[in-house]
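Just so you know, these numbers use all the heavy atoms, side chains as well, and skip hydrogens, waters and symmetry mates.
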Amino acid sequence: MHEVFLKRAIDIASKGKYLTKPNPMVGCVIVKDNEIIAEGFHMKYGSNHAEINALESLYKNNKILEKDYQKLTLYCTLEPCCHHGKTGPCTDAIIKSGIKKVVIGIKDPNPKVAGSGIKQLEKNGIQVISGFFEEDLIKLNKYFFYKNTHKRPYVSIKMASSSDGMSHRKDNKFTWITSEESRDDVQVVRAEFDVIITGGNTLRNDNPKMNARVDFEVNQPKKILLTSQPVDEKYNFFKTGDVKIERSNDLNALIKELSNSEINSVLIEAGPKLVNAFLSKNLVDEVIVYKSKNKLGDEGVPWFKNKTIESFGFDLKSTLQIKHDTKETYLRRT
């Protein structure tokens with residue numbers, strides 16, 4: 001029966017998508033006599049964790065007497081935290097509740113937890129069982145697991161390309177390359193990331209907002225502008241969200257700096273110069289290309305000169321038709 005209740009916990013965990021980042025999505029259910037009597041999920045970054053929400057729901061249920069809590073089983077998709085962050089340790093709350101059995105989907109890869117949560121529960125007389133749906137749970141929190149496994153954020157590039165591989169017009173006259181439907185899809189992609197990086201040329205030529213304009217609530221990504229030139233903050237980029245200007249051209253240092261922060265994922269939306277710089281330094285894990293059926297020909301500036309995405313060490317993993325465009329996703333070759 002463990003799988004049944006953990007599957008429910010996974011389902012409710014996904015309700016926090018776009019809101020908990022850079023924290024992981026987590027779900028929790030509490031069971032008595034093979035029946036769910038309370039549940040909770042991590043709803044938003046900085047708010048109560050899933051276990052706390054489930055326990056608070058339990059306490060509101062007057063049908064369960066406190067002396068019976070030791071008969072309950074708590075199911076959680078991720079190992080409960082045992083350290084102080086924006087909230088207190090979930091392990092303390094579980095121990096205090098009197099619950100004596102905890103079933104966990106997967107251990108937390110965060111070095112601050114990494115098995116310590118389980119040890120703390122067991123030390124206090126709580127039976128702990130773990131190891132269910134691990135592949136699904138890693139996929140659910142892809143960027144969180146990547147960061148804690150590789151010790152750096154997952155880096156993705158998003159590009160809009162003409163069918164003949166052009167980025168924009170030589171005269172810098174603004175023109176949409178892809179369809180409105182593709183541009184709507186980009187907004188959803190942005191909503192998944194912790195940080196969006198762009199360059200000074202893109203800022204001046206396109207005047208982008210670079211936020212996620214979607215019809216659902218989202219913890220908006222932070223924004224970083226890479227430029228060595230003075231910048232007038234009148235541009236749309238500065239009008240919303242958390243914005244930082246980076247003057248250094250050392251991309252390795254930038255990624256190292258982000259690696260030492262809580263940032264798990266980075267989306268690069270920039271012109272050919274900056275895109276090629278990131279690719280050349282092997283700092284990219286994924287490339288997403290929205291390819292139009294239209295050509296720019298001699299009027300266009302190519303994304304790559306005498307190169308292809310594959311030549312940088314990437315393989316095409318998926319394609320999706322969006323209106324008249326094709327969304328291509330490339331992953332780094334392993």
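Atom CG of D298 has 12 or fewer neighbouring heavy atoms from other residues, nucleotides or ligands inside a 6.0 Å radius. Around the NZ atom of K71, the shell of radius 6.0 Å holds no more than 12 heavy atoms that belong to other residues, nucleotides or ligands. Annotation for K244: atom NZ does not count as buried by contact number, only 12 or fewer foreign heavy atoms lying within 6.0 Å. Other residues, nucleotides and ligands contribute at most 12 non-hydrogen atoms within 6.0 Å of the NZ atom of K222. Residue E134 qualifies as enclosed at atom CD: its count of foreign heavy atoms under 6.0 Å is above 12. Counting non-hydrogen atoms of other residues, nucleotides and ligands closer than 6.0 Å to CD of Q321 gives a total above 12. No more than 12 heavy atoms of other residues, nucleotides or ligands lie within 6.0 Å of NZ in K256, so this atom counts as exposed by the packing criterion.
When side chains are defined from C-beta on, H42 counts as touching S47, because their heavy atoms get closer than 4.5 Å. Residues L267 and V189 meet the side-chain proximity criterion, which asks for heavy atoms closer than 4.5 Å. Under the 4.5 Å side-chain criterion, counting only non-hydrogen atoms from C-beta, R332 is in contact with N282. Side-chain contact between N276 and F304 is present, with heavy atoms from C-beta onward closer than 4.5 Å. At least one side-chain heavy atom of V289 sits less than 4.5 Å from a side-chain heavy atom of Y330. Put simply, the side chain of E269 reaches to within 4.5 Å of the side chain of V186, judged on heavy atoms. In this structure, the side chains of C28 and F41 stay at 4.5 Å or more apart for every pair of heavy atoms. Put simply, the side chain of I129 reaches to within 4.5 Å of the side chain of H2, judged on heavy atoms.
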field: side-chain hydrogen bond (donor to acceptor under 3.5 Å, both in side chains) evaluation trace for D164 with S162
entry: CA-CA 5 Å; D164 53 350; S162 64; 2.4 Å; yes
Kindly indicate, with the supporting measurements, whether the criterion side chain to side chain contact (heavy atoms under 4.5 Å, CB included) is fulfilled by I309 and W303. CA-CA 10 Å; I309 296 174; W303 276 106; over 6 Å; no
| request: Go through the steps for S163 and S292 under the test side chain to side chain contact (heavy atoms under 4.5 Å, CB included), then give the verdict. | output: CA-CA 5 Å; S163 62; S292 168; 5.9 Å; no
Side chain to side chain contact (heavy atoms under 4.5 Å, CB included) between E217 and L19, intermediate numbers included: CA-CA 7 Å; E217 191 177 0; L19 287 170; 3.5 Å; yes
Y290 and D185: CA distance, side-chain angles, deciding distance, side-chain hydrogen bond (donor to acceptor under 3.5 Å, both in side chains) verdict:
CA-CA 10 Å; Y290 293 86; D185 191 75; 2.6 Å; yes
Test side chain to side chain contact (heavy atoms under 4.5 Å, CB included) on R204 and Y235 and set out the steps.
CA-CA 8 Å; R204 286 180 285 272; Y235 289 103; 3.5 Å; yes
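Across all their heavy atoms, A38 and A54 have their closest contact at CB-O, 3.6 Å. Of all heavy-atom pairs between C76 and E51, the closest is SG-OE2, 3.4 Å. The two atoms that bring L55 and S97 nearest to each other are CD2-CB, 3.9 Å, heavy atoms only. Closest non-hydrogen pair, K100 versus G125, comes out as CD-O, 3.8 Å.
A donor-acceptor contact shorter than 3.5 Å links the side chain of R247 to the backbone of Q229. Here the side chain of D194 pairs no donor or acceptor atom with the backbone of I263 at under 3.5 angstrom. Listed for the T91 side chain is no donor-acceptor partner under 3.5 Å among the backbone atoms of L121. Between the side chain of D250 and the main chain of A253, a donor-acceptor pair closer than 3.5 Å is present. Put simply, the side chain of R190 never gets that close to the backbone of P221: no donor and acceptor are under 3.5 Å apart. Using a distance-only test at 3.5 Å, with no hydrogens or angles considered, no donor-acceptor pair links the side chain of E286 to the main chain of S156. Side chain of T20 to backbone of Y45: no donor-acceptor contact under 3.5 angstrom is found. Looking only at distances, no side-chain donor or acceptor of K305 sits under 3.5 Å from a matching main-chain atom of P302. Remark: the backbone N or O of N236 is paired with a side-chain donor or acceptor of N207 at under 3.5 angstrom. At distances below 3.5 Å, at least one donor-acceptor pair connects side-chain atoms of E79 with backbone N or O atoms of I118.
K96 and D92 are not joined by a salt bridge, as no carboxylate oxygen comes within less than 4.0 angstrom of a charged side-chain nitrogen. Salt-bridge annotation for E299 and K170: absent, with no side-chain N of the basic residue lying under 4.0 Å from a carboxylate O of the acidic one. Salt bridge status for K323 with E180: absent, with no side-chain N to carboxylate O gap under 4.0 Å. For E181 and K327, the salt-bridge test fails: no basic side-chain N is under 4.0 Å from an acidic carboxylate O.
How far CG of N219 is from CZ of F193: 14.5 Å, rounded to the nearest 0.5 Å. Atoms NZ and CG, from K317 and L331 in turn, are 6.0 Å apart once rounded to the nearest 0.5 Å. The line from CD of E328 to CG of L316 is 5.5 Å long, rounded to the nearest 0.5 Å. Once rounded to the nearest 0.5 Å, the distance linking CE of M210 with CG of D206 reads 7.5 Å. If you take CD on E192 and OG on S265, they are separated by 8.5 Å, rounding to the nearest 0.5 Å. Here OG1 of T240 is found 6.5 Å from CD of Q220. Values are rounded to the nearest 0.5 Å.
The same ILVMFWY cluster, assembled from side-chain heavy atoms under 4.5 Å apart, contains both I95 and I104. Taken together through direct or relayed side-chain contacts under 4.5 Å among Ile, Leu, Val, Met, Phe, Trp and Tyr, L74 and I37 form part of one hydrophobic cluster. At a threshold of 4.5 Å between side-chain heavy atoms, the hydrophobic network of Ile, Leu, Val, Met, Phe, Trp and Tyr places I224 and F237 in two separate groups. Under the 4.5 Å side-chain contact rule for hydrophobic residues, Y143 and I255 do not share a cluster. Criterion: ILVMFWY side-chain heavy atoms under 4.5 Å apart, direct or through other members. Under it, Y75 and I94 are not part of a common hydrophobic cluster.
Partners of D285 by salt bridge (Lys or Arg N to Asp or Glu O under 4.0 Å), not counting sequence neighbours, listed by chain and number: R152. In this view, K223 satisfies the salt bridge (Lys or Arg N to Asp or Glu O under 4.0 Å) rule with no residue, not counting sequence neighbours. For D33, the salt bridge (Lys or Arg N to Asp or Glu O under 4.0 Å) criterion is met by no residue, not counting sequence neighbours.
Side chain to side chain, D325 and S179 meet the donor-acceptor criterion of an N or O pair below 3.5 Å. Checking E39 against N53 by side-chain atom types alone, no donor-acceptor pair falls below 3.5 Å.
Of the residues L140, T77, L6, L78, the one that meets the side-chain contact (heavy atoms from CB on, under 4.5 Å) test with I106 is L78.
For the pair K307 and F312, the cation-pi test (distance below 6.0 Å, angle within 45°) is passed.
Between Y154 and Y146, the ring planes lie perpendicular to each other; the angle is over 60°, past the 30° to 60° tilted range.
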